[in-house]
There are 2 protein chains.
Amino acid sequence: MRQALIDAARSLFIQRGYAETATPDIVALAGVTRGALYHHFEDKRALFRAVIEREAADVAAAIEAGTSPVMNPREAIVAGSRGYFDAMSKPGRARLLLLDGPAVLGADTMRAIDTETAEASLKDGLHVLLSGGRNGALADMLAVLLSAAFDRAALAIETGADRHQCEEAIAALIDGLAA
Amino acid sequence: MRQALIDAARSLFIQRGYAETATPDIVALAGVTRGALYHHFEDKRALFRAVIEREAADVAAAIEAGTSPVMNPREAIVAGSRGYFDAMSKPGRARLLLLDGPAVLGADTMRAIDTETAEASLKDGLHVLLSGGRNGALADMLAVLLSAAFDRAALAIETGADRHQCEEAIAALIDGLAA
DNA sequence: GCAGATCACATACAGTCAGTCTGTATTGGA
DNA sequence: TCCAATACAGACTGACTGTATGTGATCTGC
């Protein structure tokens, strides 16, 4: 039942967005009443958060599955980017995680949910990649900024941009840092 | 009166966010009634859009003011980033332009409003910077991705990140591309 | 095997909000 | 001076969120 609510909510959230999705529509799609919704979730935002958390966990798993510890840093980052774009190509995911999520839950909360996703892996890879004398704080900051670049690339791909070009541009940024 | 409504709306939008700001509160702060609001604006979103457009124009003007045509590409990009971070340091601006804006108006509409802002200048600079054999499509894509990095940096700065470190990381990305 | 408590919902209700419609005063031109 | 358009004000409606209450099933302790 919880799952049914999350499924129905996800379906409507990606179709109309959070604000334009009414709880009566969600429960109708799930085949229950609003009483069930407010029994399982504190409010509409809590339901949205449950949707987001499941989605973020799926993305993190996809990235994890695509990379392996034996890769060198550049390989790992490229493989991670491939896994990320694969995961983000699922329709509606970019809107959920990159548009409605930050606006509804706040950028800080989203960052907390996203822990152990793309950004964490990126940070590790960059620390190794930049170990030639530069400091670690720079690598952390670069992970944050590059992670934003990944996000916008995923958003661009969903609205028609060429994925191969996005991956090339990301690679250009990474290779520039390695030099 | 239009300006008074936009001012009041901006003040409440940055304080509570778009969804949590009620039109009765906006008109009360502006000292008018809801009739006035719906006389000047089609709906609440149109008022929000007016706020966003003024804000984006201010940012664009700040960037424009900080750069000059005689700079070389790297200088221009660094100066542009300085102007951008200056402009975005105005409280609430990051939330308006980077969180609520994309969620309420859509990423595509925001891109349209942002025309002639950071991303356009960036694109020009990158085209010159990369003119050593690489193609223009890559420069366009890099402008999109770097612009996302700028945005996240602005958001990070608002929530306490060190601005100098952000600028260093941006410079590292740019310098990597120039090599 | 039974009384009571808890869980998993359903239903009714109250408060609030967005958008519309109608009314009114003021202003500018013919 | 009259007319029309503009710039508001205020009431109204439908809808939505969250809450409070009711109800049947299930589980627990004895």
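Everything quoted here is computed from the prediction, not taken from an experiment. Chain letters run A, B, ... following the sequence lines, proteins first, then strands; residues in each count from 1.
- Counting only heavy atoms from C-beta outward, the side chains of A:L37 and A:V32 never approach each other to under 4.5 Å.
- Side-chain atoms of B:D100 and B:I52, non-hydrogen and from C-beta on, never get closer than 4.5 Å to each other.
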Atom pairs and distances, side-chain donor-acceptor, residues 19-28 of chain A, under 3.5 Å, sequence neighbours left out:
unit_1, atom_1, unit_2, atom_2, d
A:T21, OG1, A:L12, O, 3.3
A:T21, OG1, A:G17, O, 2.6
A:T23, OG1, A:R34, NE, 3.1
A:D25, OD2, A:R16, NH1, 2.8

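- Side-chain contact between A:M88 and A:I157 is absent, with no heavy-atom pair separated by less than 4.5 Å.
- With sequence neighbours excluded, no residue forms a salt bridge (charged side-chain N to carboxylate O under 4.0 Å, His left out) with A:D124.
- Sorted by first and then second residue, the salt bridge (charged side-chain N to carboxylate O under 4.0 Å, His left out) pairs with a member in residues 142-167 of chain B read A:D151-B:R152, A:R152-B:D151, B:R82-B:E167, B:D86-B:R163, B:R163-B:E167; sequence neighbours excluded.
- Residues from residues 19-29 of chain A that place a heavy atom under 4.0 Å from any atom of DNA chain D, listed by number: A:T21, A:A22, A:T23, A:P24.
- Of the side-chain N and O atoms in A:H40, one or more sit less than 4.0 angstrom from OP1 or OP2 of C:dC9.
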Would you give a per-nucleotide map of nucleotides 20-27 of chain C, 5' to 3', where B means the base has a protein non-hydrogen atom under 4.0 Å away, S means only the sugar-phosphate does, and - means neither?
B-------

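- Applying the salt bridge (charged side-chain N to carboxylate O under 4.0 Å, His left out) test to pairs two or more places apart or on separate chains, those with a residue in residues 65-80 of chain B are B:R74-B:D175.
- Every ring pair (Phe, Tyr, Trp, His ring centres under 6.0 Å) that A:F48 has, sequence neighbours left out, goes to A:F13, A:Y18.
- A distance of 5.0 Å separates CG in B:L97 from CE in B:M110, rounded to the nearest 0.5 Å.
- Among residues two or more places apart in sequence or in another chain, the salt bridge (charged side-chain N to carboxylate O under 4.0 Å, His left out) test is passed with B:E53 by B:R49.
- Nucleotides of DNA chain D lying under 4.0 Å from heavy atoms of chain B occupy a range whose first and last members, 5' to 3', are D:dA7 to D:dG10.
- Atom CZ in B:R10 sits 4.5 Å away from atom CD1 in B:I14 (nearest 0.5 Å).
- Heavy-atom distances under 4.0 Å link DNA chain C to no residue of residues 45-53 of chain A.
- In the region residues 3-16 of chain B, proximity to DNA chain D at under 4.0 angstrom, judged on heavy atoms, holds for none of the residues.
- Around atom CD of B:E42, no more than 12 heavy atoms belonging to other residues, nucleotides or ligands sit under 6.0 Å away.
- The shortest side-chain heavy-atom distance between B:L142 and B:L138 falls under the 4.5 Å cut-off.
- Proximity of A:H39 to the phosphate of C:dA8: a side-chain N or O atom is located under 4.0 Å from OP1 or OP2.
- For A:R45, the salt bridge (charged side-chain N to carboxylate O under 4.0 Å, His left out) criterion is met by no residue, not counting sequence neighbours.
- Going from atom OG1 of B:T33 over to atom NE2 of B:H39 covers 11.0 Å, rounded to the nearest 0.5 Å.
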